[in-house]
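Each remark here refers to the structure printed beneath this line.
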Amino acid sequence: MSPVGFYQKYIKNNMFTKMLLLISLIAVVTIVTLSFLMYYFLFQSAVRSELDIQRSGVERVERHVNQKYENVQSYVNDLYRNGSLGLDTSYFLMNSFNEYIAKRMNRIVGSGQSNTDSVLAYFKQRLDDDPDIENIMLYSAEKQYVYVYKQGSMTRLYQANATHSYIPDVMAMESQSVTLPNFWVRKLAGDAAVPLFSIRSPINDMTTYKNLGQLLVLFRTEALATVLNSSEDEMKGSVMVLSGDGSVMFDSGGRYYGEKYPYAERLLNSKETVFLDEESYVTISAHNQAGYTVVGITPKHEVAESLHGLQSTIIIAALLCIVVAVSIPALMIVNYSKRTDNIIRFMRKVEKGEFVARMQDTKEDQLGQIAGSFNEMLDELTRYIDKVYKAEINQKNAELSALQARINPHFLYNTLEVIRMRALSQGAQDVGDMIYSLSMLFKNIVQRKSNYTLKDELEACRLYLELFRIRYKDKYIYKMFCEEPIKSVPMMKMSLQPLIENYIVHGLRSDQDDNWLSITATQQDGEVCIVIKDNGKGIEPKRLEDIRARLQMAESNGESFGLRSVNERLKLTFGSSYGMDIESEPGNGTTVTVRFPVTEGKLDNDV
């Protein structure tokens, strides 16, 4: 099926489908938007948290490097503040090592002074006090030698004249205080494999301010890694310490140490994110005096990966919310759709003339109210149709009454009386009795009474039965019983006589003389119950089923017309819950039960 055909068949004229699609669209858009906003704010919160962790790590590393820088500066300041130590340092840097040792020995022997004011002892103590120091180097610019202290090893003296070494050139180069150790300096120290960073400070003469040499302290970078990892919060990305020329003195990621950082110029930009190898969050802390910069770098994808589980959770939760948000309205709309289709189906039944159809919708919502109003409308319509139908019957009865009025009832009665008297004079007693019963029966039928009762109808039945009892020469008997309180109950004329006539015509067994018929009228729970029972031929089951079916038809012609007429008149007069019922067994007779309510006042016997 093409999309156009699917739309025209299932969507175009289906209000509930459109409603469901609209609700689903709104639910999906709303939940997806909320999920996106939730993930966005959680991601931003994670970014801020990660930047706080990164900033804290950068600050710890920066404080550690700065502390080492201040320590080195304090070493030099101690040389200047302590006069004897300063003089000892100047003599050490201005003379050869042998001359310095000879002088120290003379001072100790001559004056008995201790070795506490010796520059060599002072820096040996500084090496022992700080385990992070790998080497301390004292360089003499005058004599071009380097005195090297090494952690866990003996001190050594290296000659570094310009003809045999690049050390004088390296020491003469102007550079920042905190730098990556020069290759020749590391080679001189003898351990090129250990990651180090150096802090350098010049040593000048206190009187002439002439540069005497350099103090160079090499620190292990593993201490920086320890400081960086000292926090309980795990930091993503890496932290680097860059010298003024962009060389990497420390890299927690272990990628760029000892190299020029290729994106050093981009870090000058103070934005939160910088594109390095990839888009990354950056935190920078620069120390202008010492000339170094501490940089924290966290790639965006690492932060996103940390939220991958949260992202999956949000997606699953969003899908579940969408399923719930769509399923519940869908179930409700399907229910409303079924109920609406049921209303339409019943309306179409009524359109075809099935006025007995009723909708069984007990809910009190709008559709339930529509169903109730529709049922009430059908009840009112049925009552209206009944009134019109009764009016038509009344019109026909009026025409019949007008025709009957043309016949002089007294002429008929007088004629029948003359015939009866002639029969009696001739000794035909049974003929006279028959004529009498017929005369009284005609009189009962034609006579109009303002209040026709059950007693009157039973009397008409007695006259009719008496007439046929004489005719069949005592081949059957009849019994009639009526409770006294209900004899005055209003009754429709000709409501029982057609039932008795039906027995005489169809049920009486003329070849037998044990026929009987009983009529019993009693009151039960505010209703009059009249049972007409005989021992006649009975009715075959299929025939009985056909008679019952025709009794329920609105119009009927042919057989059982009298039965249908009595049943229809009872229902029109007293309501659809009343009427007559027939039970019969072939060879065992028939029982007809008539029920109607006990009423007061006058009935419309034109019905």
Item checked: Interatomic distance, Gln151 atom CD to Ile133 atom CD1 [nearest 0.5 angstrom] -> 7.5 Å
Notebook entry, point to check: Is it the case that Glu99 and Tyr91 place a side-chain donor and acceptor less than 3.5 Å from each other?
Noted result: no
Note to self: Is any side-chain heavy atom of Phe250 closer than 4.5 Å to one of Val294?
What the structure shows: no
Notebook entry, point to check: Is the backbone N or O of Ala102 less than 3.5 Å from a side-chain atom of Asn106, with the two atoms forming a donor-acceptor pair by type?
Noted result: yes
Check: Okay, side chain of Glu134, backbone of Leu218: is any donor-acceptor separation there less than 3.5 Å?
Finding: no
Next item on the list: Count the heavy atoms of every other residue, nucleotide or ligand shown that sit under 6.0 Å from CZ of Arg81, and state whether that count exceeds 12.
Entry: yes
Notebook entry, point to check: Checking side-chain contact (heavy atoms from CB on, under 4.5 Å) for the pair Leu42/Ile314: CA distance, chi angles, key distance, verdict?
Noted result: CA-CA 11 Å; Leu42 289 175; Ile314 291 176; 3.9 Å; yes
Next item on the list: Might you work through the side-chain contact (heavy atoms from CB on, under 4.5 Å) test for Leu242 and Val248, ending with a clear yes or no?
Entry: CA-CA 5 Å; Leu242 306 181; Val248 179; 3.6 Å; yes
Next item on the list: Tell me, with the steps shown, if Met240 and Arg255 meet side-chain contact (heavy atoms from CB on, under 4.5 Å).
Entry: CA-CA 10 Å; Met240 293 189 297; Arg255 180 178 178 184; over 6 Å; no
Next item on the list: Check Leu212 against Ser90 and note the closest heavy-atom contact, atom names and distance.
Entry: CD1-OG, 3.6 Å
Next item on the list: Give a yes or no on whether the backbone of Ile136 and the side-chain of Tyr147 come within a donor-acceptor separation of less than 3.5 Å.
Entry: no
Check: Are any of the side-chain heavy atoms of Tyr263 and Tyr256 separated by less than 4.5 Å?
Finding: yes
Checklist line | Reported OG-to-CG distance for the pair Ser201 and Asn77, which is rounded to 0.5 angstrom | finding: 8.0 Å
Margin query: Looking at Lys571 and Tyr578, would you say the former's side chain and the latter's main chain have a donor-acceptor pair under 3.5 Å?
Written below: yes
Item checked: Residue Met332 excluded, over 12 heavy atoms near CE under 6.0 Å -> no
Item checked: Closest contact, heavy atoms only, Leu224 versus His64 -> CD2-CD2, 3.1 Å
Notebook entry, point to check: Going by atom types alone, do Ser252 and Ser238 pair a side-chain donor with an acceptor below 3.5 Å?
Noted result: no
Margin query: If you compare all heavy atoms of Ser243 against all heavy atoms of Val178, which two are closest, and at what distance to 0.1 Å?
Written below: CB-O, 3.9 Å
Check: Taking Ser285 for the side chain and Glu59 for the main chain, is one N or O donor matched with an acceptor at less than 3.5 Å?
Finding: no
Show the atom names and distances, to 0.1 Å, of all donor-acceptor pairs under 3.5 Å that link a side chain in residues 31-38 to residues at least two apart or in another chain.
| unit_1 | atom_1 | unit_2 | atom_2 | d |
| --- | --- | --- | --- | --- |
| Thr33 | OG1 | Val29 | O | 2.6 |
| Ser35 | OG | Ile31 | O | 2.7 |

Item checked: Side-chain touch Leu276/Tyr261, heavy atoms, less than 4.5 angstrom -> yes
Checklist line | From Tyr100, Phe92, Tyr158, residue fulfilling ring pair (Phe, Tyr, Trp, His ring centres under 6.0 Å) relative to Tyr145 | finding: Phe92
Next item on the list: Find the distance between CD (Glu259) and CG (Leu180) and round it off to the nearest 0.5 Å.
Entry: 10.5 Å
Note to self: Filter on side-chain hydrogen bond (donor to acceptor under 3.5 Å, both in side chains), then keep only pairs touching residues 37-58, sequence neighbours left out; what's left?
What the structure shows: Asp52-Arg55, Gln54-Thr283, Gln54-Thr298, Ser56-Arg60
Check: Is any side-chain heavy atom of Thr179 less than 4.5 Å from a side-chain heavy atom of Arg200?
Finding: no
Next item on the list: Check whether any side-chain heavy atom of Leu138 lies under 4.5 Å from a side-chain heavy atom of Leu215, and answer yes or no.
Entry: yes
Next item on the list: Working to the nearest 0.5 Å, report the span between CG of Leu120 and CD of Gln125.
Entry: 13.5 Å
Checklist line | Salt-bridge criterion met for Lys260 and Asp245 (N-O under 4.0 Å) | finding: yes
Margin query: Has Asn82 got a side-chain atom pairing as donor or acceptor with Asp78's backbone, closer than 3.5 angstrom?
Written below: no
Check: For the atom pair OG1 (Thr89) and CG (Asn204), what is the distance rounded to the nearest 0.5 Å?
Finding: 12.0 Å
Notebook entry, point to check: What class does the angle between the rings of Phe197 and Phe219 fall in, given that below 30° is parallel, 30 to 60° is tilted and above 60° is perpendicular?
Noted result: parallel
Check: Using a distance-only test with no angle check, is there a side-chain donor-acceptor pair under 3.5 angstrom linking Ser96 and Asn98?
Finding: no
Next item on the list: State, to 0.1 Å, how close Ala27 and Ala325 come at their nearest heavy-atom pair, and which atoms those are.
Entry: CB-CB, 3.9 Å
Check: Are there more than 12 heavy atoms of other residues, nucleotides or ligands under 6.0 Å from atom CG of Asp129?
Finding: yes
Next item on the list: Please name the pair of heavy atoms, one in Val119 and one in Asp88, separated by the smallest distance, quoted to 0.1 Å.
Entry: N-OD2, 2.7 Å
Note to self: Nearest 0.5 angstrom please: Lys143 NZ to Leu93 CG, how far?
What the structure shows: 11.5 Å
Check: Distance-only, no hydrogens or angles: does the Asn66 side chain make a donor-acceptor pair with backbone N or O of Glu62 under 3.5 Å?
Finding: no
Check: In terms of ring plane angle, is the pair Tyr75 and Phe123 parallel, tilted or perpendicular, where the classes change at 30° and 60°?
Finding: perpendicular
Notebook entry, point to check: Ignoring hydrogens and geometry, is there a side-chain-to-backbone donor-acceptor pair from Asn135 to Tyr149 under 3.5 Å?
Noted result: yes
Margin query: Give me the atom names and distance for the closest heavy-atom approach of Ser74 to Tyr122.
Written below: O-OH, 4.1 Å
Item checked: Asp132/Arg220 under side-chain contact (heavy atoms from CB on, under 4.5 Å): CA gap, chis, key distance, verdict -> CA-CA 6 Å; Asp132 294 336; Arg220 298 189 187 97; 5.6 Å; no
